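The structure displayed is predicted, hence computed values, not measured ones. As the structure lists them, so they are numbered: ligands from 1, and atoms in each ligand from 1.
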Amino acid sequence: MDERDHIESLISVLNETYGTISWWDAPFDEVAIGAILTQQTRWENVETALNRLRSAGLNTLAAIAAADPADLESCIRGTGFYRVKSARLRRLATFFLDQYGGMEEIDLIPTDLLRRSLLTVNGVGEETADSILCYGLLRETFVIDSYTRRICTCAGVSLPADRLRRIFLSALGSNTHLLRSCHGQIVEYAKEYCNKKRCQECRIRNLHE
Ligand code: SF4
């Protein structure tokens, strides 16, 4: 079996476990905000911060660009590194508002070009950029985060993120719903098995034997 075979077997196990799922189905602005907030923290903290931002009317990029930094920091404090994240949110908001007039304009930009542009924003790495593209803009990309890396390693595939992303893209094709579903399944599996140390029950770790 080669690496692609292992990934295809992993995808089969995830599909058998969860079926196709809808994960992180949210408006573009909230996905972009959440993609920054989720850096180095648990998702539960992001949800709390997003609720606070909604209550304060700060859940859009336009509102964040115009917000008093202290108000923004107060809403996102629970996600950790809140001053850094506040600055990153404001830079990301300014990037989208300055570079693109609106969703119609963003929709015209090819994914590779948009990804390269996003990666020029200070504080936006590959995981954050791919989360925004995959979940916020329904583009053809795959999120390689710590969950993906861990589960792929257990499935017998340890590769640089770029190669891993290409294998998932090749295995799942251009179906953006499947790309989002598969990453969502990985997150669910990590929460249900990896984080609870249920390795003895894990089917993934036997895939490469
Ligand atoms: S449950 Fe354990 S063995 Fe299975 S993928 Fe997670 S960390 Fe690896």
Parallel, tilted or perpendicular: ring planes of Phe96 versus Phe28, cut at 30 and 60 degrees: perpendicular

Parallel, tilted or perpendicular: rings of Phe142 and His183 (30°, 60°): perpendicular

Euclidean distance, Arg83 CZ relative to Arg77 CZ, rounded to 0.5 Å: 7.0 Å

Test: Asp112 and Arg115 ion pair at under 4.0 Å: no

Cut-off under 2.8 Å, centre atom 2 (Fe) of ligand 1, protein N/O/S atoms: Cys199 SG

Close side-chain approach of Glu44 and Thr48, heavy atoms under 4.5 Å: no

Residues Arg166 and Asp162 bridged, charged N to O under 4.0 Å: yes

